[in-house]
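Basis for what follows: all heavy atoms, side chains included, without hydrogens, waters or symmetry-related copies. Residue numbers start at 1 and run along the sequence shown.
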Amino acid sequence: MTGFGSLFYFRERIFLGCAGILTEFHSHYAASILFSERKPFLLHCQRNVLTTNAVILPPNYFHKLEAPETNIFVIQLDPKTEEYKSLKLNREPKLIPDQTANIISDLAKPILYEDINCESVKHLYSKILNELGSSSSLVTELDPRIEQAIEIISNILPEGIRIREISEKTGLSPDRFMHLFKENMGIPLRQFLLWKRLHIAAKHLQTGGNLTEASHSAGFSDQAHLSRTFKKMFGVKPSLFLGGSQLKKVCFC
């Protein structure tokens, strides 16, 4: 059976449109924008359940999405960009007014119904962010020592990371480095490394590799390890979107 909807991955951003989704409780480094095709869905939080058509979630927010019978859109973006910063969130979800929700839902429809390409999706992404009050894609400034560490990590991965060696190169003690990293990035180093490894695996899939090959390329011990990590961060198994037939199109731009 032909799939429905599409997943686009570009510059560590995700734009997904699909015919319903149901996740387990999870949290991840990225901030999320969730909106439906004019039909409410449920967002389970730690203390309550929200019924909404559109919501923005801050990074590291523990939640479960319940939209099994709703065409749903998911955008994920790096919380260290001005795109996210200009959305002016605190640590709680931000509900999007119905009028704006309808506008961004209409803008996003091509990802569900049309055979669109990467450039078209990037254009839709920008228009949706503009409607939400965000227009910049500049990266938020980090402490230069953390910028240096991220560059070192990017050059080392998927090989193992030695915290003491990296901290010494940045002129910091291991404890101070770990504290400063979390302060700048919003998550512990270990979670950031897992996030980066998932992106390495995703990029490997772009070349036509399967999940087993992608797992090894990113430094996971096996496909099961990748699947457990993916599920913990996104609430679903990677095969739901990257190895199955639910979606019509999966593109790594």
Side-chain angles (χ1 to χ4, degrees), residues 5-10 12-36 40-81 83-84 87 89-96 181-182 185-203 205 211 214-215 218-244 246-247 250 252:
S6 303
L7 169 67
F8 284 82
Y9 172 93
F10 54 99
E12 299 194 1
R13 295 163 172 84
I14 289 171
F15 193 172
L16 164 70
C18 63
I21 188 171
L22 181 64
T23 75
E24 297 182 7
F25 271 103
H26 65 286
S27 63
H28 42 68
Y29 171 62
S32 300
I33 303 169
L34 311 174
F35 54 104
S36 65
F41 56 87
L42 298 181
L43 183 74
H44 295 258
C45 309
Q46 286 183 291
R47 295 185 298 274
N48 60 348
V49 179
L50 300 176
T51 301
T52 181
N53 285 12
V55 63
I56 308 174
L57 300 182
N60 308 310
Y61 190 80
F62 196 60
H63 67 283
K64 179 174 76 169
L65 175 61
E66 188 175 343
E69 299 177 356
T70 304
N71 289 343
I72 191 83
F73 305 97
V74 178
I75 287 177
Q76 292 190 348
L77 63 160
D78 191 327
K80 287 300 175 184
T81 61
E83 288 174 349
Y84 173 74
L87 294 174
L89 266 68
N90 52 32
R91 296 183 178 181
E92 296 297 324
K94 180 179 180 180
L95 296 177
I96 298 172
F181 188 93
K182 184 176 181 180
M185 299 302 294
I187 56 173
L189 176 62
R190 182 176 178 278
Q191 188 176 348
F192 178 78
L193 293 176
L194 288 174
W195 178 258
K196 294 294 288 185
R197 290 184 188 280
L198 287 176
H199 283 288
I200 292 173
K203 289 178 181 178
L205 290 168
L211 286 172
S215 302
F220 293 100
S221 56
D222 52 30
Q223 181 179 334
H225 186 197
L226 169 63
S227 295
R228 288 195 304 271
T229 304
F230 191 98
K231 189 173 182 180
K232 183 177 180 180
M233 288 195 173
F234 296 103
V236 295
K237 295 179 180 179
S239 58
L240 179 63
F241 298 122
L242 302 180
Q246 174 166 336
L247 293 176
V250 176
F252 300 88

Going by the angle between their ring planes, with limits at 30° and 60°, are F25 and F62 parallel, tilted or perpendicular?
-> parallel
Of all heavy-atom pairs between A218 and A201, which one has the smallest distance, and what is that distance?
-> CB-N, 3.7 Å
CD1 of I14 to CD1 of I33, rounded to nearest 0.5 Å, is 12.5 Å
With sequence neighbours left out, write down each residue that passes ring-ring contact (aromatic ring centres under 6.0 Å, His included) with F220, or none if nothing qualifies.
-> H225
Give every residue pair that meets the side-chain hydrogen bond (donor to acceptor under 3.5 Å, both in side chains) criterion with at least one member in residues 41-55, sequence neighbours excluded.
-> H44-E66, R47-E92
Minimum heavy-atom separation for D78 to Y29, with atom names?
-> OD1-OH, 2.9 Å
Distance from I21 atom CD1 to E69 atom CD, nearest 0.5 Å?
-> 14.5 Å
T70 side-chain N/O to A67 backbone N/O, donor-acceptor pair under 3.5 Å = no
Is the shortest heavy-atom distance from the side chain of S6 to the side chain of F15 under 4.5 Å?
-> no
Among L194, L211, L198, find the one that has a side chain to side chain contact (heavy atoms under 4.5 Å, CB included) with F230.
-> L198
CG on L50 to CZ on F41, rounded to 0.5 Å = 9.0 Å
Going by the salt bridge (charged side-chain N to carboxylate O under 4.0 Å, His left out) test, which pairs reach into residues 187-201, not counting sequence neighbours?
-> E12-K196
H63 meets the side-chain contact (heavy atoms from CB on, under 4.5 Å) criterion, sequence neighbours left out, with H26, H28, L43, L57, Y61
Heavy-atom pair with the smallest gap, counting every atom of K94 and L87 = NZ-O, 3.1 Å
Set of side-chain hydrogen bond (donor to acceptor under 3.5 Å, both in side chains) partners for E24, sequence neighbours left out | K231
Could you pull out the closest heavy-atom pair between L226 and S215, with the gap in Å?
-> CD2-OG, 3.2 Å
So which pairs with a foot in residues 50-64 pass salt bridge (charged side-chain N to carboxylate O under 4.0 Å, His left out), sequence neighbours left out?
-> none
All ring-ring contact (aromatic ring centres under 6.0 Å, His included) counterparts of F73, not counting sequence neighbours = F35
With respect to I56, which candidate in L77, L89, I75, L95 satisfies the side chain to side chain contact (heavy atoms under 4.5 Å, CB included) definition?
-> L89
Closest non-hydrogen atoms of P79 and A31, given as atom of the first, atom of the second and distance, are CD-N, 4.2 Å
